[in-house]
Amino acid sequence: MISQDLLASARSAAEAIPNPVTWLLDLARQTGLRTWRLGGRELIPVVQGGMGVGVSAGGLAGAVARHGGIGTVSSVDLRRLHPDLMAETGHLEKEPDARERIDAANLVALDREIRRAKETSQGQGLIAVNVMKALSAYEAYVRQALASGADAIVVGAGLPLDLPEIAKDHPKTALIPILSDARGVQLVVKKWEKKGRLPDAIVIEHPRLAGGHLGAAKVADLQDTRFDFENVLPAVRQFLKDAGFERDIPLIAAGGVSSHDDIQRLQELGATAVQLGTAFAVTEECDADPVFKQVLAGAKPEDIVEFISVAGLPARAVRTPWLDKYLRIEPKLKAVAHAKNRCNMAFDCLAHCGLRDGKADMGQFCIDQQLGHAFDGDQRRGLFFRGAGRLPFGSDIRPVRDLLQWLLAGPRPAAA
């Protein structure tokens, strides 16, 4: 660990210059962490994960990039951050063109948030856009992110086998799939290689530790040891070495990271960088309502539950009044599941939706509606996705700068 005197000296120097990136890169090196390069830039080994609806938008992503990391805009339903777009589309229900108008508004919002993130970053770090493969507008979101100048496209919640083709006219944009085991990595790399493109990095997400939608087939699979970093990181590294790509594809470990020691351990296992979601969701710069942050920060281990999402994937969230009630009545809802004439929110956010399509083996609620309530800070009606790990500052809401200092150096910054 870096000494308190050296930390104070480094921070004093950082306050004297307008660019905090040099300070944080130096902290990482001095504490034994490896920095890395992507998109032609040296980066701190920390990536902020994408969180929807609206949780990680231009404000948070830009702040993380401003400090030399990768900040990620979540692409889902970003019109919620823009009153003019909500005024145009928030009332739409049965209109025949409702979906087209809402989708168009969300593309406008995505462009605005990428531009806001770029402006906030002041040319530092990288701005990524996370797009779930499970979205009905997946391809449209990817194309908009590319056109708007995102530095990277990150895709999870499904295998993005078509991503190289969609992005073929943007060879400089980094393409980063989110996967959870060595088998998935092998499949994606081999398929992409045939298309003439390799992943620029791969996020290895641990389903037992991460938040939101998780990369496993069912809840029981979350405990499978094949997902443990001690198993998957060396296995993936060996596959990449055997395939001749060991130096070409950095691995980003996601799930359960909360300290400098975690980063150091994961780098020793073969990760190049780490990704965090919840820890960034409770920063001052996070784009969600303050109540959203308080719910996540105040949750105890016994408050966090796993269930099957309406997308058909295991998910992890805080047991709030809405989720508690939903889990109690879920068997009854599944027993009467049936296809609906239309989507609750009029724009069919998911390509396959348990509620809309009447799939009894999937969740039976409107995910966009419940995540929207959480974004707005409605503690009773919201769905609050959260990772399983402890947070670096407990229940405190701190700036991005403090979180990065803690992760890269170890000593806790003074209270903000």
Side-chain angles (χ1 to χ4, degrees), residues 1-15 17 19-36 42-49 51 55-56 59-72 121 124-125 206 209-211 229 252-268 271-286 288 290 293-294 296-299 301 386-416:
M1 295 290 182
I2 191 170
S3 72
Q4 290 285 357
D5 289 344
L6 187 55
L7 177 62
S9 175
R11 184 157 194 171
S12 176
E15 292 169 350
I17 60 176
N19 182 2
V21 177
T22 302
W23 167 57
L24 289 171
L25 288 171
D26 285 344
L27 281 185
R29 296 189 198 97
Q30 292 175 47
T31 59
L33 300 180
R34 298 191 305 274
T35 60
W36 65 306
E42 184 180 14
L43 303 168
I44 61 172
V46 178
V47 177
Q48 166 250 313
M51 296 169 285
V55 176
S56 64
L60 176 58
V64 176
R66 174 78 177 91
H67 288 80
I70 297 181
T72 308
S121 72
Q124 303 297 328
H206 197 316
L209 302 172
F229 289 132
I252 303 166
V257 178
S258 64
S259 70
H260 174 280
D261 289 347
D262 291 334
I263 302 176
Q264 195 162 49
R265 176 178 64 87
L266 290 167
Q267 286 195 332
E268 290 171 356
T272 300
V274 298
Q275 176 175 290
L276 298 87
T278 305
F280 281 109
V282 298
T283 59
E284 293 177 359
E285 293 90 340
C286 171
K293 305 175 189 182
Q294 292 164 9
L296 266 60
R386 189 196 190 281
R390 61 189 176 89
L391 293 174
F393 299 112
S395 60
D396 288 352
I397 310 300
R398 303 286 285 270
V400 162
R401 179 183 179 125
D402 283 2
L403 173 59
L404 293 175
Q405 177 183 322
W406 162 248
L407 291 171
L408 297 178
R412 294 187 181 277

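Here the structure is a predicted model, which is why all the values come from computation and not from measurement.
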### Message
With a 3.5 Å distance limit and no angle check, can you tell me whether K293 reaches the backbone of T283 through a side-chain donor-acceptor pair?
### Response
yes
### Side-chain heavy atoms of F229 within contact of V257, under 4.5 Å
no
### Message
Below 30° counts as parallel, above 60° as perpendicular, anything between as tilted: where do the rings of W406 and F393 land?
### Response
tilted
### Query
Donor-acceptor pair, E285 side chain versus A63 backbone, under 3.5 Å?
no
### Backbone of Q48 reached by a side-chain donor or acceptor of T72 within 3.5 Å
yes
### Task
Please determine if E42 and R29 form a salt bridge, counting it only when a charged side-chain N lies under 4.0 Å from a carboxylate O.
yes
### Query
For the side chain of T278 and the backbone of G387, is there at least one donor-acceptor N/O pair under 3.5 Å apart?
yes
### Query
Has the side chain of T31 got a donor or acceptor atom that lies under 3.5 Å from a matching backbone atom of L408?
yes
### Query
So, for A281 and L296, which heavy atoms are closest and what is the spacing to 0.1 Å?
CB-CD2, 3.8 Å
### Query
Got a second to check how far D26's CG is from T35's OG1, nearest 0.5 Å?
10.0 Å
### Query
L266 and A253: which non-hydrogen atoms are nearest, and at how many Å?
CD1-CB, 3.9 Å
### Query
Can you check whether P45 reaches R34 side chain to side chain, under 4.5 Å on heavy atoms?
no
#### Entry: Shortest non-hydrogen contact from V47 toward F280
O-CE1, 4.0 Å
### Closest non-hydrogen atom pair, R401 against H67
CB-NE2, 3.6 Å
### Message
Between R386 and G389 (side chain of the first, backbone of the second, donor and acceptor by atom type, cut-off under 3.5 Å), is there such a pair?
### Response
yes
### Message
If the test is side-chain contact (heavy atoms from CB on, under 4.5 Å), which one of I44, L33, I263, D261 qualifies with L407?
### Response
I263
### Query
For the residue pair A297 and I397, what are the closest heavy atoms and their distance?
CB-CD1, 4.2 Å
### Query
Checking D262 side chain against S259 main chain: does a donor-acceptor pair fall under 3.5 Å?
yes
### Task
Write down the atom of L403, the atom of P392, and the distance for their closest heavy-atom approach.
CD1-CG, 3.7 Å
